[in-house]
Amino acid sequence: MPFRETESLLPSGSYYFSGNEAATEGALAAGCRYYAGYPITPSSEIMERIAVRLKELKGVFMQMEDEIASICSVIGAVWAGAKGMTATSGPGFSLMQEGIGYGAFTETPMVVVDIQRAGPCTGQATRVGSGDHQQAKWGSHGDYQVIALSPWSVQEMYDLTIDAFNLAEQYRVPVFLMGEESVGHLRERMDVRPKVTVFDRAKKKGTPPFGMVEEDGVPPMPCFGEGEKLLVTGSTHNDAGIRKTDDPLVHEKLVSRINNKVLNHREEIIQTESYYVDDATCLVVSYGFTARSALYAVNKLRGEGGRVGLLRLKTIWPFPDQVIRVLGKKAGKIYVPEMNRGQVAGEIMKYADCDVVPYFQTNGEIIDPRTIINQVRSLA
Amino acid sequence: MPFRETESLLPSGSYYFSGNEAATEGALAAGCRYYAGYPITPSSEIMERIAVRLKELKGVFMQMEDEIASICSVIGAVWAGAKGMTATSGPGFSLMQEGIGYGAFTETPMVVVDIQRAGPCTGQATRVGSGDHQQAKWGSHGDYQVIALSPWSVQEMYDLTIDAFNLAEQYRVPVFLMGEESVGHLRERMDVRPKVTVFDRAKKKGTPPFGMVEEDGVPPMPCFGEGEKLLVTGSTHNDAGIRKTDDPLVHEKLVSRINNKVLNHREEIIQTESYYVDDATCLVVSYGFTARSALYAVNKLRGEGGRVGLLRLKTIWPFPDQVIRVLGKKAGKIYVPEMNRGQVAGEIMKYADCDVVPYFQTNGEIIDPRTIINQVRSLA
Amino acid sequence: MGALKQVRLSGFGGQGVVLAGTILGHGAVKDGKWVAGSSSYGAQARGGSARADVVVSDRPIVFPHVIEANVLAAMAQTAYDKYTEQLARGATVIYDDELVRPRSIDGAIQIGVPATSTAIKLLNQQQSANIVILGAIAVITGIVSKGALSSAIEENVSERFKDLNIRALELGYKLGEADKQ
Amino acid sequence: MGALKQVRLSGFGGQGVVLAGTILGHGAVKDGKWVAGSSSYGAQARGGSARADVVVSDRPIVFPHVIEANVLAAMAQTAYDKYTEQLARGATVIYDDELVRPRSIDGAIQIGVPATSTAIKLLNQQQSANIVILGAIAVITGIVSKGALSSAIEENVSERFKDLNIRALELGYKLGEADKQ
Amino acid sequence: MARDLEQYLRSGITSTPFCPGCGHGILMNQILRAIDDLKLPMERMLFVSGIGCAAWIPSPHFNADTLHTLHGRAIAFATGAKMFNPALKVLVISGDGDLTSIGGNHLIHAARRDIALTVICANNMIYGMTGGQAASTTPVGALSATTMEGNTHRPFDLCKLVEGAGGSFVARYSVTQPLSLKEGIKKAIMIDHFTFIDVLSPCPTQYGRRNRYDSPAGMLKTLMESCVTLEEAERLSPESLEGKIITGEFRHGRA
Amino acid sequence: MARDLEQYLRSGITSTPFCPGCGHGILMNQILRAIDDLKLPMERMLFVSGIGCAAWIPSPHFNADTLHTLHGRAIAFATGAKMFNPALKVLVISGDGDLTSIGGNHLIHAARRDIALTVICANNMIYGMTGGQAASTTPVGALSATTMEGNTHRPFDLCKLVEGAGGSFVARYSVTQPLSLKEGIKKAIMIDHFTFIDVLSPCPTQYGRRNRYDSPAGMLKTLMESCVTLEEAERLSPESLEGKIITGEFRHGRA
Amino acid sequence: MAEPCELKIKRRSKDDPAKSRYQTEPGLDEEAAVEEAGRCLVNNVCRSCDLCRYFCPDLCITMNEMTGSIEIDYDYCKGCGICAFICPKGAITMVREE
Amino acid sequence: MAEPCELKIKRRSKDDPAKSRYQTEPGLDEEAAVEEAGRCLVNNVCRSCDLCRYFCPDLCITMNEMTGSIEIDYDYCKGCGICAFICPKGAITMVREE
């Protein structure tokens, strides 16, 4: 069984961590032993904490010369056997896009934490935004898939970072923890359980590391120094890793598989939560920090007798198309408050067979629950 | 009047150019006098030709150390008064994303030519792909807008490059010419007219270069050395350019305007062409080289009496939502053949109130017209 | 939401309100509460005004920010003026009586605490006023236990300032108890 | 589509079929035609097989690639074998008679031209066989005028090889005319 | 701010943006005095900076065209502006993290190409703005937010780096040598080649407090004690040069 | 390919991927012979390369773990692998455009940090794979696809650059000096620090044909004539060193 | 933590004797150094040697061109104390802001 | 354009006199150079000096360990001519591929 129960690194109990500290501990709990990064607000606390913690745990911490070097060095370490991570914010995430494409195409498990701030560009570096979700899917050229998770609390910065590592290893894919400044810097009670479930990389000597009979399969992954004489390349390659830069069949097969191995396993990957959706005539769809404003608002409105429900997306990519389709049809109206200009609302429009009403806010501040209350009232 | 008729640089007449050569000549005709780039297949011919031509025209050519430096140096030159351009392909386009965000947020007019090849990553460098369209919109972090054009012929590599410069100057926005290897390397007859219409950058001494009373306006753009003592920054700034990194109102206003100045002028920006759409019961939506396969196919099917029409998108961003809405409803079914995994089909799904049937092909080859014929036949 | 308390600590940069907020929050976690804390971050932190919000509850917390403070501590006049605009009904306002001149607020209980002057006089260290006022808050509101606060100080303050802060906490407790009487 | 001709030039890397295609296309533009040309690109260009396609029409061209060649020139056996599979009805196949052994093809006109041997014998330069065969194609198919081809050679060939290529074109014309008779 | 420099400051600018005792202010002071000495017209000057504390020296304070760019990319932006309009006098003023860590490649390539820019690196040996992480200039053993037990990686000798890349004029001064620094800046500005000055500038807030300097003046004092001029260095034994920073003009002909 | 090197080549590999006369083949030859001399176990070796002709020297040919990466980033990938598993012997083999133009920053930072990698730069002074554009190593005056009237920008002296960045072992050889090259590679591999070798390697296809070398042998001859060893250089006058390339081991202690 | 901005600078003509000061400008040649030093021969009294103006990180020290004396703009002084440290005459001391 | 691969290498024992050759290994110390040179004293005849093996860019030259003689794998030779150029004995010449 590739999943395994292991002792928690931290003594079980309650802690008062910031989201960034929680993500660091989640990574370590999941087995992360290589981190490379570059300072950037509001994610730097992750780097600062993991520098100390990896030393204690005999892992490797590297502060690199930039974000490009950071993600590349993580990929190098992962192929040398590490579970690896980097963390950054928007500008660094933009610089990492070529490396992310390499990770996706070489099926390198890795975790990238993006603590989002108010963009675009250097925008407002110490203020909150949630504007990198479409970039997470489309930031590198060509067609590939990733997994992106959206934590709403400090607890989830811990839990979903563990999930991120497990999904990365299980599907051999880059996984993004799309935190927001308002979660990264939030301090909350966070509970550590005595056991952590981790996924151990599947290995199988002598089997091709880049190909499967199944068109959506995930091949086992050997690593450097095991005598496998691996060929890893970001160019089109056959099952063994040999470059095939003008064979149409090899290219189609590889591109299909790296997309389908994620898309065809949507059901297993996607996590959502729903509240009061059964009789709702207006469905609020939300994620990240905003979902806390949204749940507060929905609770209030329900208290007033409003038939409003909430669907919270913990997984943003692959996109939860099916639940949107079903719940949208049931409610007849979807309201999407976002700290960006409708990035997830646009995605919902692809799948929902009903009115989709986006609310944009790009002012560097979180969305106040009272704003949502007022807007949903006016929709009814 | 900011538009102006000017003599063509090339003697009018017919040429036999490659698409890459045509884009080069289009840029020069539109007034491009600064180019910075880095070698990458299949776009390098643009850099090679423009190096020679800019010398003749007393412009400036720089081969930079990488694509990041290339786009940054273009922005520097544009603020020093140049019309500027760079050209690249997928991997370089990924590296340029942070600079593109800077260009969008500082409202820097510039043209980026992306000659797309079979990705992701280094994929098949000499073979065709069309997989960078979503990246063109979402490749940099945060919310911004760009304009992206999709040429289908050598003639359009010339014409749309001129349009690209004019749109860039008119809206102070990065404009992408999303060519494909199959158009960049195609040679065709290309006709040069005696006159070229160019847009001269709007200037107005002493007016704020980053703000307007109108919420979707384009401010005049001074340049360095004119005594305006400009403040240009990629951080949030007020109308005068002063950094305001914790003012919610300034951020909201700026982010809104850089989005709305493009989105609210969709009608003036968007170019599409339609064929046989009036009575079509199946609408093929296509763009770039694939639209030539599609038109060939639609012609054939019409010859057989098939009620099939074609909508060709010359503009990909801002997305032609309105025409999709109208024609989709009329036809009841949209078929979208693409050399990627449904990047534009996904966008169509947001707006079309009808069935959308994508066809993916990611094998490094163009889509054969006969494939489209067979698929559309099977849809009917 | 009777069991949920929204606490706001405010002052200007350098007074240590963020650290006080962290200690308060951490203490409440030690008491077994659900806690969420946030603070002003960025340019304001150096100079300007500073703010630390702590929400404490017996149950998991839905919205983690302060909407209307049940408890406000103000260590500067600007902070007092600004944040007394956003109080819950029946809120408790605790202010440093040397730095803040209170106005009358309908329905609020206001208590002046000589935190800064006590810190200067008895600790010879103006910097510990944050912990003095925290001690007073703890007594007055009962939001967190003394043991938990002490333990939180141990874990959040560097070795060389621990004793000082424990003494500051004691002083705060005394001031708070005096105020209660 | 009677006025549209699909021409495919093929051989192996180094024979200059891509240059020949460019000259043919450019010549046709000079004749006032609509033209689209494409060629194999990439690794194949060094060694391996090479291919240049030119579509010539009296009207704007919808699809610019060759679907079924009306004219095929083959300068290598592998190219001949591969591309004779994709001919239009009534196509003309012109092959280098020293390098290609033809098979019988239903409905096609096949003409062997001693391009390579002529180039070696009369120009002492095997490399110009591409232009020799191009001259022959021009005569046989009438797809492009001689003047336009000469002019296209002037513009597409470096100074030091111009004369050679013009002579090669003349030889090709002669061979083509001989074939026609 | 100083009345004698008022004309070089944008109207409405009243104070520096730096922490108390930050060396960047002293550098800002000398840059403006150098321009004042040279009587350069601010209309013809362009100041380019990246991201970080030092990038705020010119932007928005200087009363000239200023281009505040992306982290690490100031030199690339400056290259475009200078190449397109050579009449502009272009100064790049940014920090060590910006110019030599993430931006190191643009630095060495501009030096190689000999683009006529003056690059002034405000070197405080730390990432100040993001909270005091180690930089590529942090001394071995120094404490920072990412090297809590002391930095283990060697720092660059920036002057050697730029010389190695082909820089024509390369110099180093400390802000504790304001007059030499000012003269060095004047010289660099007037040379129509790529010129580079490494300016040692103490960061009391992020570097100082972690490394137990009790005041800005204390940091300044240590820096003064560490610096020896090239001329002095020639007279000193290798042992007495241990731990010293050599300042002065390391001029080299083109490679 | 050569039977005596067969064990170092991946099974199924029969020929080099290079144009006739490409110097990269001679370098490939020496790298394998160096490994053969040292009797290094291929199971413990990792070869990392970027994008470009030289990146194909190890990938897929060498019968070991090979990591063919992004353009310019080989050293960053290698850093991660080496730091996580120091038991790996890591060689970075890539071209001049890859390692020193787009990848220049990773090169200087790895040298600064003294990461224990051996970096072999196959320096053909041109972008071969993309069609012969000028590189940061192209000599002034040389013709290329982007410098049709002669290159105007100075090239790097890569050894000086890496020395300036702090590299401990820095050497240059030409492929026309195969025995010295092989010995240099052996030495570099066995030093447990950052080691760098600049290997001059002629590109007859892209560089040669534009710059009128009529044959691979002709290019090789010119290169031989240009190279002088460090020892010879010491005996020569500055005038007779004009236009010469100095080869040998430029060893320097840590800065 | 950064020093809080609670100190102000006072200018005065007499005070306790100057402590030993560091050579502030090692880059000056001998002649210039002697000249600079010559302006500050008397202890505790400002001799307008100008060093504080050059060293001020907040650009808030100006020399009054009429009187030749140093003027400090207290509004933008952040109290770092560098001027007091650098003054070769001990003519500047820091006092707690009242 | 790249040289087309139309030449093959022939090995022979006698031919026209060797032209002057370049010092192939300037990096060798004197002793080593004398030793290398000593192996190739007679013109036009391969003395197994091994230079061609080291210089072959296609790794297709092997020394037969039994006989000590040089063997060329013609299948992967691209005909660059470097071996012929470098051979100090003029023992390799290029001939047109038949």
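Numbered from 1 within each chain, the chains take letters A, B, ... in sequence-line order. Reckoned from all heavy atoms, side chains included, excluding hydrogens, waters and symmetry mates.
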What distance separates E:Glu43 CD from B:Glu228 CD, expressed to the nearest 0.5 Å? 11.5 Å

Above 12 or not: heavy atoms from other molecules or residues under 6.0 Å from NZ of B:Lys58? no

Within 6.0 angstrom of E:Arg44 CZ, more than 12 heavy atoms from elsewhere: no

Taking the side chain as C-beta and beyond, is there a heavy-atom pair between B:Phe224 and E:Leu88 under 4.5 Å? yes

Can you tell which of B:His237, B:Glu226, B:Met64 has the highest number of heavy-atom pairs within less than 4.5 Å of chain E? B:Met64

Engaged part of E:Ala78 at the chain B interface, taking heavy atoms whose separation is under 4.5 Å: neither

Answer yes or no: are there more than 12 heavy-atom neighbours, outside E:Asp192 itself, under 6.0 Å from its atom CG? no

B:Arg243 versus E:Ser59, closest heavy-atom pair with distance: NH2-O, 3.0 Å

Is atom NZ of B:Lys244 surrounded by more than 12 heavy atoms (other residues, nucleotides or ligands) closer than 6.0 Å? no

Using a cut-off of under 4.5 Å for heavy-atom pairs, which of B:Gly234, B:Gly225, B:Gly227 has the most such pairs with chain E? B:Gly225

Distance from E:Met42 atom CE to B:Lys229 atom NZ, nearest 0.5 Å? 7.0 Å

Hey, which of B:Cys72, B:Gly101, B:Gly241, B:Gly76 has the most heavy atom pairs under 4.5 Å with chain E? B:Cys72

Euclidean distance, B:Ser235 OG relative to E:Trp56 CH2, rounded to 0.5 Å: 8.0 Å

So which residue, E:Val48, E:Asn63, E:Thr79, E:Leu46, ends up with the most heavy-atom pairs under 4.5 Å with chain B? E:Asn63

For residues 65-77 of chain E, give me every residue with a non-hydrogen atom less than 4.5 Å from any non-hydrogen atom of chain B. E:Asp65, E:Thr66, E:Leu67, E:His68, E:Thr69, E:Leu70, E:Arg73, E:Ala76, E:Phe77

Is it true that, when you exclude B:Lys203 itself, more than 12 heavy atoms of the residues, nucleotides or ligands shown sit nearer than 6.0 Å to its NZ? yes

Give the minimum heavy-atom separation between B:Val60 and E:Met83, together with the two atoms involved. CG2-O, 3.5 Å

With a 4.5 angstrom heavy-atom cut-off, is it the side chain or the backbone of B:Ala36 that approaches chain E, or both, or neither? neither

side-chain hydrogen bond (donor to acceptor under 3.5 Å, both in side chains) with B:Glu65: of E:Arg112, E:Arg113, E:His109, only one passes, and it is E:Arg113

What distance do E:Arg10 atom CZ and B:Ile242 atom CD1 have between them, rounded to the nearest 0.5 Å? 6.0 Å

